[in-house]
Amino acid sequence: MSTAGSAVPDLLGLVAVGELLAFERMAADARLAPDLRRRVALHQMAGAEIDNYRRLADRLTELGVSPEAAMTPYLRPLQAYHDSTEPRDWAEVVTKAYVGDAITDDFLREIADALDGPDRTLVLDVLHDSRYAEFAAAEIRTAVAADPRVAGRLSIWARRLVGEALSQAGRVAAERATLTTLITRADRIDVPGLFARLTAAHTARMAAVGLNN
């Protein structure tokens, strides 16, 4: 089996546990919504996450891999990320959704290029719906417009989110050699430019909602 082929269950397991924990996090964070409209919106986002999880779990089963076995190696680092970035209020909830989810999506979009056929399509399909990013961005802008001082706090919060995400990503890379090999040996991925593109996209995203990188 090719390097990419052997790493497919690992990558799908990583994405699946990410979707499952995102569902749990969004459902819990909905309690911080200031009104029912926003609470419903976050629950709808959570619903999309659990639907994506089911698709990934079904694909792992098709490949003859236990979803639980594929997901378990990633549970601790991803749980650690969420535990260390517990939002304190609604503004931090939507910033986490806007910043954290987008960085993950950018990374997976790059890595998907190393896959073939249905697995590449599946990973791209489970990336977050743009309407949810737009909802989160609008909420951040509203918070900053209501109190410009919020921009400084949310900028610091966003930097913390990125730092924690990179820390846990480094842990995963150190422990799961198959994923690292998939990235570094895949001819379709421009590894030297990968982090430059991720950084540029994050900087533009922050500027778009009035936050400092």
Original post:
What do the steps show when you test L78 against Q168 for side chain to side chain contact (heavy atoms under 4.5 Å, CB included), and what is the final call?
Top reply: CA-CA 7 Å; L78 269 66; Q168 297 306 326; 5.9 Å; no
Original post:
Do V144 and R141 pass the side chain to side chain contact (heavy atoms under 4.5 Å, CB included) test, and can you show the C-alpha distance, the side-chain angles, and the key distance before you say yes or no?
Top reply: CA-CA 5 Å; V144 171; R141 293 190 190 100; 5.8 Å; no
Subject >> Verdict with supporting geometry, V123 and I111, side chain to side chain contact (heavy atoms under 4.5 Å, CB included) >> reply: CA-CA 9 Å; V123 171; I111 302 309; over 6 Å; no
**OP:** Could you go through the side chain to side chain contact (heavy atoms under 4.5 Å, CB included) check for I103 and L198 one step at a time?
**Re:** CA-CA 7 Å; I103 290 176; L198 293 178; 5.7 Å; no
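Every residue two or more places apart in sequence or in another chain that forms a side-chain hydrogen bond (donor to acceptor under 3.5 Å, both in side chains) with R131 is listed here: D129. Annotation: salt bridge (Lys or Arg N to Asp or Glu O under 4.0 Å) contacts of R109 (sequence neighbours excluded): D106. Residues satisfying the side-chain hydrogen bond (donor to acceptor under 3.5 Å, both in side chains) criterion with Q79, sequence neighbours excluded, are D83. When the side chain to side chain contact (heavy atoms under 4.5 Å, CB included) test is applied to A102, the partners found at least two apart in sequence or on another chain are R205. The side chain to side chain contact (heavy atoms under 4.5 Å, CB included) search around A48 returns Y132, not counting sequence neighbours. With sequence neighbours left out, T203 forms a side-chain hydrogen bond (donor to acceptor under 3.5 Å, both in side chains) with N213. Taking D125 as the reference, R55 meet the side-chain hydrogen bond (donor to acceptor under 3.5 Å, both in side chains) condition, with sequence neighbours excluded. Applying the salt bridge (Lys or Arg N to Asp or Glu O under 4.0 Å) rule to R59 yields the partners E62, D119; only residues at least two apart in sequence or on another chain are considered.
Linking ILVMFWY side-chain heavy atoms closer than 4.5 Å, directly or via other members, places M71 and F107 in a single hydrophobic cluster. Hydrophobic clustering (ILVMFWY, side-chain heavy atoms < 4.5 Å, transitive): L166 and Y74 are in distinct clusters. Linking Ile, Leu, Val, Met, Phe, Trp and Tyr residues whenever their side-chain heavy atoms come within less than 4.5 Å leaves L108 and Y98 in two separate clusters. Under a hydrophobic clustering in which Ile, Leu, Val, Met, Phe, Trp and Tyr are joined whenever their side-chain heavy atoms come within less than 4.5 Å, directly or via other members, Y81 and I156 fall into different clusters.
Summarising the geometry of A70 relative to P9, their closest heavy-atom pair is CB-O, 3.8 Å, with the distance given to 0.1 Å. Listed here is the closest heavy atom pair of L60 and P67: CD1-CA, 4.0 Å. P87 and K96 get closest at one heavy-atom pair: CG-CD, 4.2 Å.
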Considering only distance and modelled atom types, tabulate donor-acceptor pairs under 3.5 Å from the side chains of residues 147-154, sequence neighbours left out.
unit_1 : atom_1 : unit_2 : atom_2 : d
D147   : OD1    : R149   : N      : 3.1
D147   : OD1    : R149   : NE     : 3.0
D147   : OD2    : R149   : NH2    : 3.3
R153   : NH1    : D89    : OD2    : 3.2
R153   : NH1    : E92    : OE2    : 3.1
R153   : NH2    : D89    : OD2    : 3.0

What side-chain donor-acceptor pairs closer than 3.5 Å can you find for residues 11-33, not counting sequence neighbours?
unit_1 : atom_1 : unit_2 : atom_2 : d
R25    : NH2    : D101   : OD1    : 3.0
R31    : NH1    : A28    : O      : 2.7

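Sorted by first and then second residue, the pairs that involve residues 39-52 and meet salt bridge (charged side-chain N to carboxylate O under 4.0 Å, His left out), not counting sequence neighbours, are D51-R54. The side-chain hydrogen bond (donor to acceptor under 3.5 Å, both in side chains) contacts involving residues 154-165 comprise S84-E164, where partners must be two or more places apart or lie in separate chains.
Once rounded to the nearest 0.5 Å, the distance linking CG of L161 with OG1 of T85 reads 5.5 Å.
Between V93 and L42 the shortest side-chain heavy-atom distance falls below 4.5 Å.
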